[in-house]
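Below, chains carry the letters A, B, ... as their sequence lines are ordered, and counting in each starts from 1. Everything numeric here is computed off the predicted structure, so don't read it as measured data.
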Amino acid sequence: MEISAKYTPADIEKKWLEYWTQHECFASVPDQRPPYTIVIPPPNVTGVLHMGHMLNNTIQDVLIRRARMLGYNACWVPGTDHASIATEAKVVAMLREKGISKHQLTREEFLKYAFEWKEKYGGIILHQLRRLGASCDWKRTTFTMDEDYYRAVIRVFVDLYKKGYIYRGLRMINWDCEARTALSNEEVIYNDEGEKVTFYYVKYYIKGSDDYLTVATVRPETIMGDVAVAVNPTDERYAHLIGKTAIVPIIGREVPIIADEYVDKEFGTGCLKVTPAHDPNDYEIGLRHNLPVIDTLNDDGTLNELCGVPEFVGLDRFKVRKLMRQKLEEAEVLVKTEDTITRVGRSERTNSVVEPRLSLQWFIRMKEISAKALEVVEKGDIQLHPAKFINTYRHWMENVKDWCISRQLWWGHRIPAFYYGDGPEDYVVAETLEEAVELARQKSGNAGLKAQDLRQDPDVLDTWASSWLWPLQVFGGFNDQCFDRVRGKIDFTKNAELAYYYPTEVLVTAPEILFFWVARMIIAGMEYADKIPFKHVYLTGIVRDKLGRKMSKSLGNSPDPEQLMATYGTDAVRVGMLFSSPAGNDLLFDEKLCEQGRNFANKIWNAFRLIQSWTAEERPMNATEAAAVSWFGQQLAAAVQEIDDLFAKYRISEALMAVYDLIWDKYCSWYLEWIKPAYGERISQEALESSKSYFIDLMKLLHPFMPFITEELYSHLSSGTGLIMNAPWPKAGKVDAEAVRAFEKSSEIVTAIRNFRAQNQITPKERITLFVKAENAEVLAHPYITMILKLGGLANIEVLSDVLSNVKTFLAGGIEFIYPINEDALDVDAELAKVQADLNYAKGFLESVMKKLGNERFMQNAPEQVKQNELKKKQDAEAKIEALTKRLEQLNQLKIKQ
RNA sequence: GGGUUCAUAGCUCAGCUGGUUCAGAGCACCUGCCUUACAAGCAGGGGGUCACAGGUUCGAAUCCUGUUGAACCCA
């Protein structure tokens, strides 16, 4: 059989991808088996998959593939997220490149473009997931704006409104005057060095006197919105003015001088002008002191009539800032100006300076609805991995704030609020327009209201207000047949799929969305199902480059996953990413890791080639074969136990490392070298069968990590017994501790022999004979003596009858090995120095042990086990000192002779 | 400013409730090998006063306090 010495993954991966897809190998339907469900954290349809997705989805695939092999009905539901803000931004940018402005389109026209975008990129993402080998049940693919899903989101809004959890309220938001939209905090960027601005020092006269306060501001155009001047209550400079009235320059408004802790005495003049409509902190102060709010800005950044200066109305805020300077100078209230550096927030997309702006938004009241979500994590019903995140989670849940769920965008689930008048309460909330009309007639008392009299809220919901329903709605939890609209609960008895698959087993996601998403899914699960959505949350780290920088397009430090898979093979990339990604820790990605993965695949491939090349004969196993087979059986049993344990703790990368070590070190480096027949010789049929059977077990253990190569090699070795993806997971066996210890000793001896050979330049081809003294003759009966001989390259070990003086010696496993050499070849002085050094070390070691044993308090307090160990150490050291002393005498005599 | 987490070999990390080796693994590094599965390989080796300073203890990387430094979240 001709097999290439190098493993080439491309064809093999393509073959299995097609096979799995065509045969729908990953499809799941409820049956008698216990379920094991994972719902994918739906990737945004903003673009293509990045390395973070690759890592995250590889982990999910590892878990789901292993579960399948363990006999669970494994179901991994794939899908994508509409990601309203991010996607809308991409679509707007794409349109801009085509020369189309969003504002010249109708909502319907814009959405048509957005859906085209979604089809294109959503498709790419799902294709990439397949390429990764993700064993998702593709028929279940869900999108957060699918018809059913959309209805579910709206239904939940209406339900929460009915339950009293949703309200409308004022809130300070980041406003992009150019795009005329609110921005999330993430979309506001700050130049690291800050920006140069001018401080204007302005006089505010005290009413009824010539006295004045000086206020420093960088935004004089907001002076017309001032409703107070604030000072720190402990500031003695201004204490006498608190409670008096100040006059706002230019417009002459009379405002109170108030005391508030927020004001920093050291900053500026220590006097703060308070403009609640245009600054978040001022807004808070305003609330505390019951101040009015005067909003002087239009949504395009121009000033409105409320500014009270007719010539400013309709002018841009920056133009007004310039004009204000003149005005202030003319009024002789400008004390001075001063250049300074400050943080200026700019829109990520338009680069225009972000204006803090008050706006009427929709909120979910979080306190009550989230109470159970903390409890289930505290109780351990839901476990976080790593567990340290529970502190962060608790802190957030205990300080939970109301959730602003409205966004001034088009792409998303449109808020089902319908306005029939201009009053603050002139609206109704309903799932459909028909219901809204009905409700509006009742609420307004106007039976003549028609559909066209209603205006639906133009805003859409925050993306998380749809994705928090994900684990429930991918199984249709809010569909008509099972959602009880009266009780606002899901009836599990009317949805067999949901009842079977929910709660899911584990959610794999990033710590940064612990609150945004994870916590909210738990809240939704408890509110609508009275059940947790998942039992475990596995938090992955961020994939960074090897310098520790976050991967980003602008840095160009993010490798193209497709390219990586083409270069190294998908298996290699999967393994490369998992190698150094302990849960919750960031992964410093280096292409070298993929190379390591590729090398591993090649190693496996060659091990396969080796056992394939053997010819067998019918005979009982010889002693070497029997010992090797028995030993590896132990190793395998121990490793399965360890791997199962690591999986149970979600220590995925360590589980991979255990498999890696088992295959490369234990199986290839020790077992195969041990059992492999000499050139031209045959192996016994039984030993060959065992070797193949072990290899198959290794492939099974590796399959979750490297699905392609394992499926391929399994198909060669298992002669038509189905796919490895459905093969049973190897069982952990009993581990014979005695055998493990015996191996440790024999491998230690082999290493020492190899080291000795290397130091004495004995070529690997030369088989040598070593001697031991009579008192060490037991080594010849060592259970793994065949391995010592074979891997040590020994012709034999013999018991020494005479005392030889011209020898070299080394200690291994408590045994002194003796190698006779020509008298001339022995450098007595060097040998003496070496033995003396060993002796000194041994004596020092003994001394420290004796010190411990001589310590009364140690003997009193230390546990028996520890004391026994110290005694053992003492005996070993004494024996060693004796042997070394004898050798020293020998060498000294030899020296005298010379 | 408030909170959380962390600081162990050149790098990424293990090290569970203090005591079987005062320290492990992978990668990297050094040396020798084209040994008839694999140079994408084989064999061997060096390398850490466990951030710093105190304390508790017979005994601390492991517990306590402080200092310094890093990361993340919230405002």
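Of the candidates B:C73, B:C74, B:A40, B:C74 carries the atom nearest the A:Phe516 side chain, counting heavy atoms from C-beta on. Comparing atom distances between the A:Arg754 side chain and each of B:G44, B:U4, B:A37 picks out B:G44 as nearest. Closest contact between the side chain of A:Cys668 and the listed nucleotides B:A37, B:A40, B:A14 involves B:A37. Picking from B:C38, B:G44, B:U35 the nucleotide with the shortest atom distance to the side chain of A:Thr751 gives B:G44. Checking B:C74, B:G45, B:A40 against every side-chain atom of A:Asn755, the shortest atom distance belongs to B:G45. Considering only side-chain atoms of A:Asn391, the nucleotide from B:U5, B:A75, B:C38 that sits closest is B:U5.
A:Glu284 contributes no side-chain N or O that forms a donor-acceptor pair with the base of B:A75 under 3.5 Å.
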Listed pairs, N/O of protein and of nucleotides 26-34 of chain B, under 3.5 Å:
{"from": "B:G26", "atom 1": "O2'", "to": "A:Gln596", "atom 2": "NE2", "distance (Å)": "3.0"}

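Proximity of A:Lys6 to the phosphate of B:A37: no side-chain N or O atom is located under 4.0 Å from OP1 or OP2. An OP1 or OP2 oxygen of B:A40 is reached within less than 4.0 angstrom by no side-chain nitrogen or oxygen of A:Arg598.
Every stem involving RNA chain B, taken as at least 3 paired positions in a row under the Watson-Crick or G-U wobble test at 3.5 Å, is listed here: B:1-7 with B:68-74, B:10-13 with B:24-27, B:29-33 with B:41-45, B:51-55 with B:63-67.
Under the side chain to side chain donor-acceptor pair (under 3.5 Å) criterion, A:Lys649 pairs with A:Asp645, sequence neighbours left out.
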